[in-house]
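Structure first, commentary second.
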Protein chains: 2
Amino acid sequence: MNEGVEWAMHSCVNLNWIPDEAVTAKRLAAFYDLPTAYLNKQLQALTRAGILSSTSGPKGGFQLARPIERISLLDIVVAIDGPDEAFRCTEILRSGPNGDPKQDYVKTCVISQAMRQAELGYRRELAGRTIADIVAEVERTYPNAAESTRTWFANLKS
Amino acid sequence: MNEGVEWAMHSCVNLNWIPDEAVTAKRLAAFYDLPTAYLNKQLQALTRAGILSSTSGPKGGFQLARPIERISLLDIVVAIDGPDEAFRCTEILRSGPNGDPKQDYVKTCVISQAMRQAELGYRRELAGRTIADIVAEVERTYPNAAESTRTWFANLKS
DNA sequence: GGCACTGTACTCGGATATTAGATGTCCGAGTTAACCCGG
DNA sequence: CCGGGTTAACTCGGACATCTAATATCCGAGTACAGTGCC
C-alpha cells in the first residue's frame, strides 16, 4: 500500500483543525517534515476524488471539501491507492485444461470468491470509519491536540 | 499483492488431488501455462514456510507437507507476500511538533489503530478458511474436478 | 484621494527523473535411477 | 543371472537480469495581492 495514504489521513485530520482557511502543501508537509512536492501530489489525488478542494495563488492551498463525517478511511485509500483490490484474480483457470472462454472466473473461481470476501470485510470496516471518528478519538485521548496543532500552524514562519 | 499468491493457492488445491506422489514445478506450471522457473520460486517459498515438502532429483518434486485442514489461506499469503501488513505505519507523528522518541506510535496513533483493526479482520477471515474448505467447495460445485485433474496429470507427456 | 492597471510573488498541477520491488531467467548442487560391467 | 559401481539425467535452490510501479523532483499555468501611476 502506498505510503501516501498515511500522510493523507493525518493531513485530513490536521485540516479539520484549521477551518475557514486554505492550508498550503508546504505548511502541511512542514508539520511532519515530509517532502513538499510529493505530499502535494497526494493532496492532488484527494482533490480529484472530491475529498479536498484546492485554490491557487497566494492565500491558496487545500481545505476539506465536505464534512468529515462523510469522509471515510476507505475514501482516502481509494483516492490514493486506486480502486483495485490487493488480490487481483487473473483468471488462471481460463488457461487450464478445461478453460471456458465464456466463463467469468472472477465470479466463479472459489479461491477468487474467498479472497474477495475477505477483502470486502476489510473495505467495509474502512468504509464504516470516518475522519470524524478518528478526530473524536484523538480529542478524547489527547484533549490538547486540536489547540496545540492550531497554534503550531499559526506560529509557523514563512 | 504478489501474483504468485494466486498460483500458490491453485497449486495447493491441485497437489491435494495428486497424493502419494511428488509433482514437479514443471508439471504444475504446465497445467495453467505459467512460467516454470517463476512458479518454482513461489513453491520454494511455500517449502520454506513448511507448507510443502520438496525432493530433488528424478521422481522429485513438491507435495503437501501437512493435511490441508491445517493450511489456511493466510498461511499462503504470508509465505508468498511476506508477513508485513499492507498499511505500514511509519510513525509519522514522531517527526511532528510534539514527537516523543520514547513513544510507540504504531500502538498509540489512532489512525494506525484503525488501519490495523481493519487489516486484522481481513487476516482473521483468511486464517479461518483452509485449503480443505476450498477443495470441499470446489468438489461440491464441480464434482468431476478432482478426477478430471488427476487424469490430466496422469496423461501429461514429458 | 480613489481607481484601474501592471507586475510580481506564490500556489497548485502535471510532466519528468530516480529508485525499489516485483517479475522473469539462468546455471549449479544434490539426488535418484538406470545402465553397464564384472563376477 | 545377479550385484555393485559409475554415469547421466532430472530436480530443486538460489544467484542473476529485466521491467513495472512507487517515490521523488522540477518547471509551467493560473491567481490574488501589492504597488504604481493616472484621473
Residues forming a side-chain contact (heavy atoms from CB on, under 4.5 Å) with Asn98(B), sequence neighbours excluded: Ser148(A)

Show the distances under 3.5 angstrom between N or O atoms of the protein and N or O atoms of nucleotides 29-31 of chain C.
{"from": "dG30(C)", "atom 1": "N2", "to": "Gly57(B)", "atom 2": "N", "distance (Å)": "3.4"}

Atom-to-atom span, CZ of Arg48(A) to P of dG13(C) - whole angstrom: 8 Å

Whole-Å gap separating C1' (dT25(D)) and CD (Gln44(A)): 13 Å

Separation of dT23(D) P from Ile80(A) CD1 (nearest whole Å): 11 Å

Spacing of Gln63(B) atom CD relative to dC12(D) atom C1', expressed in whole Å: 14 Å

Side-chain donor/acceptor of Arg66(A) to backbone N/O of Gly50(A), under 3.5 Å: yes

For atom CG of Leu52(A) and atom P of dC12(C), their distance in whole Å: 11 Å

Distance test, side-chain N/O of Ser54(B) to OP1/OP2 of dG13(D), below 4.0 Å: yes

Those residues that, when tested against Glu69(A), pass side chain to side chain donor-acceptor pair (under 3.5 Å) (two or more places apart): none

Interatomic spacing from CZ in Phe87(A) to CZ in Arg116(A) - rounded to 0.5 Å: 10.5 Å

Heavy-atom protein contacts under 4.0 Å, nucleotides 16-28 of chain C, coded B base, S sugar-phosphate only, - none: -------BBBB--

Salt bridge (charged side-chain N to carboxylate O under 4.0 Å, His left out) partners for Glu85(A), two or more places apart: none

Pairs meeting criterion salt bridge (Lys or Arg N to Asp or Glu O under 4.0 Å) with involvement of residues 47-65 of chain A, two or more places apart: none

d(CG, Leu34(A); P, dA24(D)) in whole Å: 9 Å

OP1 or OP2 of dT11(C) under 4.0 Å from side-chain N/O of Thr55(A): no

By salt bridge (charged side-chain N to carboxylate O under 4.0 Å, His left out) - contacts of Glu91(A) (at least two apart): Arg94(A)

Between dT11(D) (P) and Glu21(B) (CD): distance, integer Å: 12 Å

Sequence-distant partners of Glu147(B), side-chain contact (heavy atoms from CB on, under 4.5 Å), two or more places apart: Arg150(B), Thr151(B)

Touch class at under 4.0 angstrom, heavy-atom based, for Ala25(B) against every strand present: sugar-phosphate

Spacing of Leu43(A) atom CG relative to dC12(C) atom C1', expressed in whole Å: 10 Å

Counterpart residues, salt bridge (charged side-chain N to carboxylate O under 4.0 Å, His left out), relative to Glu21(A) (two or more places apart): Arg27(A)

